[in-house]
Structure formats: C-alpha cells, structure tokens
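The structure displayed is predicted, hence computed values, not measured ones. So you know, we letter chains A, B, ... as the sequences are listed, proteins then strands, and number each from 1. Values below: all heavy atoms of this structure, side chains included; hydrogens, waters and symmetry mates excluded.
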Amino acid sequence: MSWIPATDADRQEMLEVIGVDSIDDLFTSIPPSLRMKGWNMPPGMSEMNVRRHLSELAARNQAGAVSFLGGGYYDHYIPAAVDALSSRSEFYTAYTPYQPECSQGTLQSIYEYQSVMCRLTGLDYANASLYDGGTAVFEAAMMAMRITRRRRIVVHKSVNPRYREMLATHSAHVDAEIVNGKDPKDAACVIVQNPGFLGTVRDFGYLSERCRAAGALLVVVFYPISLGLLKTPGEMGADISVAEGQSLGLPLGFGGPYLGVMTVRKEHVRKMPGRIAGMTYDREGRRGFVLTLQAREQHIRREKAMSNICSNQALCALRALIYLSLLGPSGLREVAAACHAKAEHLKQQLAFAETLNNGPTFNEFAVRLKKDARQVVRILLQRGIHAGLPLADVGAGEANDLLIAVTEKRTRAELDALAQALEEVSCS
Amino acid sequence: MQLIFDKSRPGRRAITWDNLDVTEKTGLPAECLRMVPPALPELGELDVVRHFTRLSQRNVGIDDTFYPLGSCTMKYNPKIAEVAAAQPGFAGLHPHLSSSESYWETCQGALELVYELERLLAEIAGMEASSLQPIAGAHGELTGALLMAAYHRDRGHAHKDTIIVPDSAHGTNPASAVVAGFKVVEVPSDANGQINLDKFRAAMTDNVAGIMLTCPNTHGLFEEQVQEIAKAAHAVDALLYYDGANLNAIIGQCRPGDLGFDVMHYNLHKTFATPHGMGGPGCGPVGVAKRLVPYLPGPRVVKRDAGFALVIPEKSIGRVAAFFGNFLIAVRAYAYLRYYGDEGLKDISRVAVLNANYIHARLKEAFKPAFDGRFMHECLFSAVPQAEHGVHAMDIAKALLDYGFHAPTVYFPLTVKECLMIEPTETESKETLDQFCDAMLDIAERAIHDPEALQTAPTSTPVGRLDEVRAARELNCACL
Ligand SMILES: Cc1ncc(COP(=O)(O)O)c(C=O)c1O
C-alpha cells in the first residue's frame, strides 16, 4: 500500500527489536473472542480507479446550473488566491497550535481573523471559529444563559429555520425554554437575524435598548457579505453576533465545511466558547501569538468548560481572512452593492408575482407565485436554472412561495431569463 | 513578522469586479446602512500571497515534519482525496438542493456518496447505521449524548441523568455530556491504566444513562474489561458510548459494535486521513446499534428504485447540522476508504500498532513507560525521572522542535504525571521512526548532563517560548 511505507523487511526488523514473532502478537490484549470475525468491505482500488469512481459520482450532480438558491448559503465568487493559499500544506496538514513556537503561521492567522471579524461586525472580541452558523446560534444562546443565569431564549421570526431547528435539537435536554417573538422580559437573550431568512433588512437597534432594560442580551445573526453595506451588529447594540461564514470564500460543498463566526462585547469575552489567540512576546522580546484564556475550554475545565468544542473550522477561518484581505473595504462594498443592485433588478422584472417582504431587501426576497413553487422549480430545472428554494419545503411558507437569492455571479441576461421563465411557467 | 494590517495602503486593491450590468441601486434606507466601511486591510494580490506564504513558512505540518501528536492520529493526508473533494460536482453543489424533493435529481451522486459512506462506516465499526451530520469529534459526542437522552426519555427513564466518564477520558467527553444536559461522574483508572472496575461498579447506579469509553483508552491500552463494563451497563439499560478517536488502533481487528458499544463517533480527520487544517474542519459521524437507529439525526439518505431520497427517522432527535455535516471532508474520507478497501484497512491498524511498539521498544530504557501493559497505536512515557533533573515533559517537547520534529502530546491524559504521548501512525517509515528515537535518546542524555539547554529550547523556531501569562493578562486578541 503506497501510504504505508513499511516493507516486509522493515516489519521483520521492527518485530525483532520489539521482541515478538508477529504483528498479531501485538494484539493479544484484545480478548480473542472479541476479534473481528469478518466484515463486508469492498476490495481496495488503485488511485486511478478511485479518481474515476469519484469523478463519476461528481458528474451525477448538477452543480453548474444558473443558481438562485440562497437560504443562508450563497454562490459567491471565490478569488483564485484563496484556494492557492489555503491549500498550502503547512496550513492544511497542521493541527491545533499546541506548540506555538512552530505554529506561528496558524496563530497569527487566527489573530488576524479575529481582528477582521471584529472590524467587520463592530464588536470587541472574536473566537477562532465555531462549527457553522447553526451551532454558533446554539453556542450564543448557551453563552447568554451562562451570563444572565436565565433560561428563556427568544427567537425572532427573522432567524433561519434551520438554525432554529438546530437550536432545538441541541438544547432538547438542557433546562432552557425556547419561545418565538422578540420580548426580552425574563429572557437570557433575544436572537434576531439581519437580513432575515426571507431577505428583509431591518434595523434592530431599538431592540438593544429594550434588551438592556430587561437584562437580556441581544444576539444578532448576520450575513457577512451584507456588512459591506448594512448596519453592523455592533452599531445595532448587539452583545453577541454570530454568522454562517460560508459566503467568505468557502465553496458551497453540499453543506460543509463551513464556518461559525462569533464576536462579542468586551465584557463577555470570558464566557465565550471556542479557542482564542492572543498576542504576547518571547524572552527576547519577539512578538508572537498563543492560545489564551484556555481556562474556558474543555481540555482544562472538562465538565465545567464553556463549551465542548475542540477541533473547529480553522482552515475555513483562514479562507475567510484571505478572502477579506483580497477584497478590502472597497471590494467588499462593491460585491455587496452588486448583489443588492442585481436583486433589485430581478425584483422589478418579477412584478407579476407578489413579494412577501414587508420592507427593503438586500440580495434575497420571497415571492408568491400563481402555481406550486415545487412544480415551477421542476420545470425550470429542465432549462438549467435552479430557480430558488420552495419555502414550504423548509417550513417557512406556503406551497406557492419561492425564496430567490442573487449574487454578483449572476448576469443581467440570467436574471432576465429567470424572470421570463418564471412568468411563462407560473402565469400560463 | 508584520501584521497584515501593517501592510495596508489606502487605495491599494487585489480584486476588481465587472462594471455593473444593471442600474446601481441605493434603495436601502439610511438607518439600515453601516456608517463607516469596515477597516479591512487594503493590499495588492501579491501582498496577500506573500503575507500568507510567509505565514505558512512559520508553521509545520505533516507534509514537512513528523508529527507524533498522541490522540490526534496525524497520518499522511493523501493528495487524491484533495483532488476528489475539489471537483466542481461536489464543491459547487448548493446544499439546499437536498431541501426540496424537486431538486433531488440534481444531487444523486452526492447522496449516493453519503449513503455509501454511512453504510461503510457502520460496517467498519459493527454498527447498524451511521450519520455524517456531526461536524467534529466533540460534536459527535454531543450528538451521541443527545441520542442517549432521547432513547431514555422515550422509555420513560427520566431518572437516568448521569454519564460515567473515566478520568483518562479526553476533556471533550465530560464537556459534551454536560452540554447535552447530563451530570458527569468520573471513575478513576487503576495502576495498570485500565478503568478501576470496582469503582466503576460502585458508580453504576440505576441513574446512569450511559458510559463514555475510549478503546484503546487514552493510555494507549485496550480496555480489557470492556465486556464486563458492557454487561454491567446493559443490566441497568445504560448505553455504552465509544469515543472513536483511537479507532486507528483496531480498525479491521475488532469492532466497537461487537465489543458491546451502542453508540459512537468516528473522527474522519484521524482514522480516515482527512487533513487537520490547523484545528479543523474535521468530521465526526455518529454510529449506532439497532435500537438507536430510529433516533438518528435526520434527514437520512435512503435508496429507492427511483434513486436516492431523504427521510426523517420516526423518532429523530432532529438536525445537528444544517445539511450533511462537513460533506467535502466526508468525500475525502470516502476516497481514502475505497482506496484501501478490505485488506488495506486491516493493514492500517497493524502497522500503526507496530510503529508505536517499535518506538516504545527503542525508548523504554531511557524514558519511563507510563504503564507495563502492551501499548497499541500510541505509547506513553512519564518524564518524572527527567523532571528530577529539572527537565519537564514540556522541555522535551520544545527540544524536539529543534531536532526538526513536532512534539508529542504532553500533559494529557491528566492521569499520567509529566506525560509524553507518542502516536506515530502507520504512514511513517522506519527511518523516520529511527531518527525520532535517536533524537529522544539524545535528549534523555542531555537531560542528565545539560538540562539548561533543554530548558531554553527551542532556539531554531521563529520565536522562542512565549509568555502565556502575559497573553492572558494583557489580553490583546484583536488589532482594532
Ligand atoms: C480521545 C479524544 N476524544 C475526543 C476528541 C475530540 O475530537 P475533535 O477534536 O474532533 O472534536 C479528541 C481530539 O483530539 C480526542 O483525542
């Protein structure tokens, strides 16, 4: 086997040094009755056949369609340098920086990532990453419960139903009460999302004052690209902001790996889950970075830790940092503006359908068609268009409702083609 | 090295976009807009490329350095797996294509891969089924604990509120149990590194919902009393959880399901060679025995005549991930698994155990083995004798960096004083193991004759030992 270099001669020599006759003799601590009797495992393949098999599987997916799918996950352009740099093996074949002296690349990149996330969201501290947007919402809720010593979690209707479902799954057996709405009374936190799941843009600033008065925290879920234009969680008075970071240079990848982003107000840093890199110095006064505030973490505090998270999404965080470094402030503003302008153009072309948003939208909006959205989607599939997400399928609308997202990748011709096809199919 | 922010120059840029092909809109109300643009660095593409290339050179990874980090299974990450995952047919696939039946025909290849990998993982561990949803090992533990809770709740076992964890367990085990809503009772190990069976039996009340074991445990030893433990657990309808971090030691030799485990997680970033990515993304699928299948996270991929489809198990705990977990990591693991197949997978554990025992044999005179038993895929030493000369496990770790190796895991598990935990994996050659052992033997000599030099190591790295106390006290975690 090419990834196991030990030759028969090596094995023999090593067994002699160990002082046993065979490799089997090394497994004698497994009671013989427990040894495997057999399994149903296919034989191995050459690398060439593995490649062939996996490209056949990949070819049976329709990834190249003109896509208007969003719902929290967006088809943004990824600059070539993001892939080139994040595929350097010094990054991707390293692990958690337990030995900081030989992991400064990792640690400095985490520090820089934390810095750009704070700058993006207008809050004071960020962690090194959580698993994804949905688990970040759960972690934020648990953090708010720790800080306020309250058990009620209030979830606003704007929050992605997937995140809400994950929050319910994860907290099913802890002493927490999840309620819908935005009333901060007796609540640990109120969780809101901007833009909302249906794309509506709101200013939740008014809620932060109400939360403060009621002793609850405000958790704002944001869409990173939108912050090229939109008011930040910090400007809205959020205590904690969380996001699905996929839009920052991560491929859609059928669900992952993604990136859970979390930033918090200064006073909450010691209750924050996840790893944190901090700046320090060596004996010669050279600047370096280490993991810090580790007394929050499972490897020190075990059952008293702030979270159970260990491996996180560090390489995804690196990609987000590289992406934002390539775009800079103007690039991010421009990509946000392009998404918005194109979505507005499409909205105009869809005047024949009822818009479900009761306010301005950023790059995504919901429409009510005259036909079942699932049927419409099926027909447009035949024309190479992924028309959007039928909202009934995610429990966020009625049969005819469709959620449509637009990114900078969509051309005017594609927008017009979607509008025309939707009109033809749904109004005929 | 400068921070990326120090390299920023106003007006410099790396990326440009096409001119807008629609009319620019400023329809958003002013109160919804941010007041100042985010202070992101402004750089040219070469600036960015050079910055991150230089940062990468201040790291070591498996591709350049032997990385015997115990409990982490730092094996070689095959390149074909990277190629497989980068294919546009996987990387460009929108996850909501799985959310609506209308789109299922567009993702049949991906659904097949999920289905096949879940099936093969179950087979490898002697489980009935598995789910790829959990995002890392600890998330798999949390999912497993939620499964146990759902099972007991369903059976009206409201009093089962406790999970037993040995003191040798990884910190994530007790932490995950608590996050799920359980109390934790810790059971000590005995002098042989095995769970203390008497203490275990004493803790084994009717309130116990589950027991989390690692096998081989974090001492590198097979839990030889696993059958007795399983019997005692099942006698009170408690479930036995298998922490799959050490599956590399036994893959193809014995199977957790056959040992009596009911629920487990796999670490695809350990046993199945997916890259560790500086601390993730990993992938931590759960496997379950028959009686827990109805509770699995949903939806699950099923095979029908018309193709692959998704269904929610009847008593599903719900989603622990928005979709299929870290799918592109699962693609890599699937490529790896299909490459090895039946015979290859069995050789992984054989050589992983051979390599660890070889290191043990070469070092056991110079370093004190933590236990007398037969180590499996990793060997543990206690640097207590060296510490008498003032050379602690951490000093040995730092010295190894100067010899061109990554350090083993140190100070874990907490049950072994001055612990050095060495896991070579099967992908290292005898020459590499010998070079590492030579370095360790040299360090053992120097610990006696020249301890000061070891106490000030490393000297060859971009920075020397860093002041962690100062980092926590001054707390500078972001450049604002
Ligand atoms: C024994 C053991 N269990 C659990 C874990 C947690 O796995 P992860 O880091 O993937 O969450 C680890 C990680 O190092 C481990 O060594």
Is chain B contacted by the side chain of [X], its backbone, both, or neither, given a heavy-atom distance below 4.5 Å?
X: A:Glu408; result: side chain
X: A:Asn40; result: both
X: A:Ser55; result: both
X: A:Arg202; result: backbone
X: A:Ala172; result: backbone
X: A:Phe289; result: both
X: A:Leu69; result: both
X: A:Thr292; result: side chain
X: A:Glu47; result: both
X: A:Ser307; result: backbone
X: A:Val394; result: side chain
X: A:Leu85; result: side chain
X: A:Leu326; result: both
X: A:Thr135; result: side chain

- Message: Can you give me the closest heavy-atom contact between B:Ile329 and B:Gly282, atom names plus distance?
- Response: CG1-O, 3.7 Å

Where does [X] contact chain A at under 4.5 Å (heavy atoms): side chain, backbone, both or neither?
X: B:Phe323; value: side chain
X: B:Val226; value: side chain
X: B:Tyr67; value: side chain
X: B:Leu480; value: both
X: B:Arg12; value: neither
X: B:Pro88; value: backbone
X: B:Asp64; value: side chain
X: B:Val463; value: both
X: B:Phe5; value: side chain
X: B:Pro458; value: side chain
X: B:Glu426; value: both
X: B:Thr23; value: backbone
X: B:Leu401; value: side chain
X: B:Val83; value: side chain

Do [X] and [Y] get their side chains close enough for a donor-acceptor pair, meaning under 3.5 Å?
X: B:His139; Y: A:His170; value: yes
X: B:Asn326; Y: A:Tyr131; value: no
X: B:Thr172; Y: B:Glu141; value: yes
X: A:Glu112; Y: A:Gln108; value: yes
X: B:Tyr334; Y: A:His53; value: yes
X: A:Arg88; Y: B:Asn59; value: no
X: A:Tyr95; Y: A:Ser311; value: yes

Just by distance, do the side chain of [X] and the backbone of [Y] share a donor-acceptor pair under 3.5 Å?
X: A:Thr93; Y: B:Ile62; result: yes
X: B:Asn77; Y: B:Ala273; result: yes
X: B:His94; Y: A:Leu252; result: no
X: B:Arg319; Y: B:Ala322; result: yes

Using 0.5 Å steps for rounding, measure from the [atom1] atom of [X] to the [atom2] atom of [Y].
X: B:Tyr103; Y: A:Asp393; atom1: OH; atom2: CG; value: 9.5 Å
X: A:Ile23; Y: B:Arg350; atom1: CD1; atom2: CZ; value: 4.5 Å
X: B:Leu142; Y: A:Asn308; atom1: CG; atom2: CG; value: 5.0 Å
X: A:Glu297; Y: A:Arg275; atom1: CD; atom2: CZ; value: 5.0 Å
X: B:Tyr340; Y: B:Ile348; atom1: OH; atom2: CD1; value: 5.0 Å

Greatest number of heavy atom pairs closer than 4.5 Å to chain A - which of [options]:
options: B:Pro41, B:Pro78, B:Gly89, B:Pro281; result: B:Pro281
options: B:Gly92, B:Ala91, B:Ser98, B:Ala136; result: B:Ala91
options: B:Ala84, B:Cys254, B:Pro462, B:Gly277; result: B:Gly277
options: B:Arg338, B:Glu105, B:Arg374; result: B:Arg338
options: B:Glu428, B:Gln87, B:Glu474; result: B:Gln87
options: B:Pro37, B:Ala39, B:Cys72; result: B:Ala39

- Greater than 12 external heavy atoms within 6.0 Å of A:Arg51's CZ: no

- Message: Does B:Gln57, at its CD atom, have more than 12 non-hydrogen atoms belonging to other residues, nucleotides or ligands within less than 6.0 Å?
- Response: yes

Give the member of [options] that has the highest number of heavy-atom pairs under 4.5 Å with chain B.
options: A:Asp175, A:Leu227, A:Leu415; result: A:Leu227
options: A:Arg283, A:Gln62, A:His173; result: A:His173
options: A:Val174, A:Ile30, A:Asp124; result: A:Ile30
options: A:Leu57, A:Ile300, A:Thr96; result: A:Leu57

- Query: What about B:Phe90 and A:Phe254, are their ring centers closer than 6.0 Å?
  - Reply: no

- Which residues satisfy the side-chain hydrogen bond (donor to acceptor under 3.5 Å, both in side chains) test with B:Ser99, sequence neighbours excluded? A:Arg162, B:His96

